[in-house]
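Reading through the structure tokens given below for one structure.
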4 protein chains.
Amino acid sequence: MSPRRVDKTARRQQILDAAVRVFARRGFAASRIEDVAAEAGIAKGSVYMYFGSREEILRAAFEALASAMDRLLEGALSGTGPALARLDALIRDVLASIAAAPDLARVLLDLWGSGRDGDGLPLDMAETYGRYRAAVAALLAQAAAEGEARPGVGEAEATVIVGAIEGCVLQWLIDPRVPIGELAEPLAAVCLHGVRGRDA
Amino acid sequence: MSPRRVDKTARRQQILDAAVRVFARRGFAASRIEDVAAEAGIAKGSVYMYFGSREEILRAAFEALASAMDRLLEGALSGTGPALARLDALIRDVLASIAAAPDLARVLLDLWGSGRDGDGLPLDMAETYGRYRAAVAALLAQAAAEGEARPGVGEAEATVIVGAIEGCVLQWLIDPRVPIGELAEPLAAVCLHGVRGRDA
Amino acid sequence: MSPRRVDKTARRQQILDAAVRVFARRGFAASRIEDVAAEAGIAKGSVYMYFGSREEILRAAFEALASAMDRLLEGALSGTGPALARLDALIRDVLASIAAAPDLARVLLDLWGSGRDGDGLPLDMAETYGRYRAAVAALLAQAAAEGEARPGVGEAEATVIVGAIEGCVLQWLIDPRVPIGELAEPLAAVCLHGVRGRDA
Amino acid sequence: MSPRRVDKTARRQQILDAAVRVFARRGFAASRIEDVAAEAGIAKGSVYMYFGSREEILRAAFEALASAMDRLLEGALSGTGPALARLDALIRDVLASIAAAPDLARVLLDLWGSGRDGDGLPLDMAETYGRYRAAVAALLAQAAAEGEARPGVGEAEATVIVGAIEGCVLQWLIDPRVPIGELAEPLAAVCLHGVRGRDA
DNA sequence: GATGAATGAGCATTCATTCAT
DNA sequence: AATGAATGAATGCTCATTCAT
């Protein structure tokens, strides 16, 4: 009448957190369900009570990442104040968000490569990055309207800025010695003024 | 040396090329030795005459990529003329190099994530990117000395520029609709002058 | 005995009925305890309050089938009137009994194959069929004594008659388009007179 | 240049034979691929060089059985002489064929129950038995035309005769003490003349 | 050199059964 | 009594690697 009670959502999150730690450590390809279960402190079979397959766990990690990103983009887009200041804040927020959840960030290394022919992971990474670029492009357009960016900046420049952010993250993922925490400043500076500087 | 005998090196290259096509298509994790052999038009077992293991093929692809990159960096560093012009040329060259060998470039998606705990692939991606940053940093330092970059630009800005380049490549790898061929111009412009523009 | 409490026996029967429907649909091998529980409208664990194992449910189905058959055989043996008429009636009764409980009948498909090496199901199907043949043989012997069957009919002919009945059932189980309901007549006719007919 | 040579067909047959022995012994459901491989004296993985899945082995057994049966039916249909004699011969041939390959015959126990909802085995057992009945019906029709069977015998009587044959096999499969080898005679006698006998 | 048949370790997934509540 | 979350043994199938020819 009063069966064992569990918070399904919490348990699922617990497993996802464990999986993210494992994926971060060994990469998705080398991560066995058994590793995930062990990290979560449960039995192998129990993982399947919360996730239908190994791939589904990766997809859940992707969704966590994508929705965190969407929240940031949403914030930047709906904020008030000069567009360039909001772009600057977005850059800082993205880097801070990444640095705050480094294990989750490392899953990006597996996510970027997913969605190809045989892997059963149609994650629509492409669409996520498309939204990312669109948001930055919107900020740039606003900045141009405000006279704070040169006219004509658009999709291409948005791609460069998104690239710069993600490229910094990439380098930190490849080499943790890259000081991600100190990159927001120069990143924003270069994107806004270039290396020649405001008055070079 | 008999005309019947295929050059060992050529045969190895033939297999590597085939592998790169397969890896590009399905990702390294989903690529079977048999797929590679079939793509190369040889038998599965023959692959092992030229590569000791599946991972070694990936390592060979990495080396091809890394040495191409080194050649580019070498060129930029040893070139003459203003440093900033050479940085601009380097950006264009890297993108052109990527666009010229898109299959090889796609292997980056697998390479970036390699070298973790369980995968037997100590590729030293980190060191390669370190050299990349060092080269760009050297160019920046020279530019600063030439009065073409604001004083103080250094490692951090180099990280941003390398990030911008690789981040653009990343976006194109994720979504081939990203026009990699048209990105050199805005990439250089943003890195050099920012989105505010030369005279914003 | 409280009105709230369901009768143990009734609950067991409810589960068995559900199991029979599930077994009929998917076969025993493909039937999960969870399917049975769902069909019965109870929880998975509750099944084990009434049956010790998955196999035990199949055994219970066997027993239902076997005792129904025994009842029929008993009736034919203890009946009065000419033996051949009672054999004729038995044939009709068996087919009617099968047709009246088609789901239970389908379990035969799993039962026939059970009792082998690894399946933990020593059902003694063999003995049941032995009793079946013995009953028919007894009727035949009586008929011969009554001058209604040719002398010498015995175990072999009983096997043929049991075979004809069960073989018709088998064909209907394999292909439901076989009109089991219309087979009693020709079945009795062939067994009694052959295809040459009474006066061929 | 001269790789290890094997007769693929012979090897496949060797595995199938081994599988049939294992299926006969333990039933298909309880037969593991590893059992089959061990019985064949090869490694587990090697089985998959010749069969795509466990089910495919069962299907191959079915096909062997079905084509043997088809050969027999073909022979009976295309034979010369009185139809009833050919039916008589068919009955004997089927029993002899079964008795000659008892392991293969035991697979029938698994085949009869296959093809249901969840088992991924659309073997068309129904169609095979349909052809079986059609052949017997054709012989009966001919016999009727020849005045050797009573007019009106048809599909129903064919079902009974097929049933009698298969039902005898069934009983022998359930209980090997049933003397399949001695059943041809009484089987033919009953089917042709009934238990009342030619002149009862 | 080349081949491709054979191997067997490895792993995702399933599911009967248990038991804390 | 009833539940259903948890377990972990079991097993189908894959595929890198080996090696006899």
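In the text below, chain A, chain B and the rest are named by the order of the sequence lines, each starting its count at 1. Because only heavy atoms are used, hydrogens play no part in the values below, and waters and symmetry mates are left out as well, while side chains stay in. Note that the structure is predicted; figures quoted are calculated from it, not measured.
- Atom-to-atom, CD of A:Gln14 to P of F:dA5 comes out at 15 Å; the value is rounded to the nearest Å.
- Seen from the ring of A:Phe28, A:Arg54 counts as a face-on cation partner, given the 6.0 Å and 45° thresholds.
- Here the rule is salt bridge (Lys or Arg N to Asp or Glu O under 4.0 Å) with C:Glu39, and of C:Arg32, C:Arg26, C:Lys44, C:Arg21 only C:Arg21 fits it.
- Distance OH (B:Tyr48) to C1' (F:dT17): 5 Å, rounded to an integer number of Å.
- Atom CD1 of residue B:Ile57 and atom CZ of residue B:Phe23 lie 5.0 Å apart, to the nearest 0.5 angstrom.
- Of the candidate nucleotides F:dT17, E:dT13, F:dT3, E:dT13 has the atom nearest to the side chain of A:Glu55.
- Atom CZ of residue D:Phe62 and atom CG of residue D:Leu108 lie 10.0 Å apart, to the nearest 0.5 angstrom.
- Each of F:dA5, F:dA16, F:dT3 was ranked by its minimum atom distance to the side chain of B:Ile33; first place goes to F:dA16.
- Across all strands, C:Phe51 comes closer than 4.0 Å to no nucleic acid atom at all (heavy-atom distances).
- Checking the phosphate oxygens (OP1, OP2) of F:dA16, a side-chain nitrogen or oxygen of B:Arg32 falls inside 4.0 Å.
- E:dC11 is paired with F:dG12 under the Watson-Crick or G-U wobble criterion, all donor-acceptor distances under 3.5 Å.
- Whole-Å rounding puts the A:Asp7 CG to F:dG4 P distance at 16 Å.
- Rounded to whole angstrom, the span from the CG atom of C:Asp35 across to the P atom of E:dC15 amounts to 8 Å.
- The side chain of B:Met49 lies closest to E:dA2 when the candidates are F:dT17, E:dA2, E:dA12.
- Side-chain proximity of D:Lys44 to the nucleotides E:dG10, E:dT3, E:dT13 is greatest for E:dG10.
- Judged purely by atom type and a 3.5 angstrom limit, C:Arg106 uses its side chain to pair as donor or acceptor with the backbone of C:Leu173.
- Listed pair D:Arg11 / E:dA6 meets the phosphate criterion, a side-chain N or O lying under 4.0 Å from OP1 or OP2.
- OP1 or OP2 of E:dA2 has at least one side-chain nitrogen or oxygen of B:Tyr50 nearer than 4.0 Å.
- Heavy-atom distances to DNA chain F give each of B:Ser53 and D:Arg54 a nearest nucleotide, and the one nearer the 5′ end belongs to D:Arg54.
- Under the Watson-Crick or G-U wobble criterion, with both distances below 3.5 Å, E:dA20 is paired with F:dT3.
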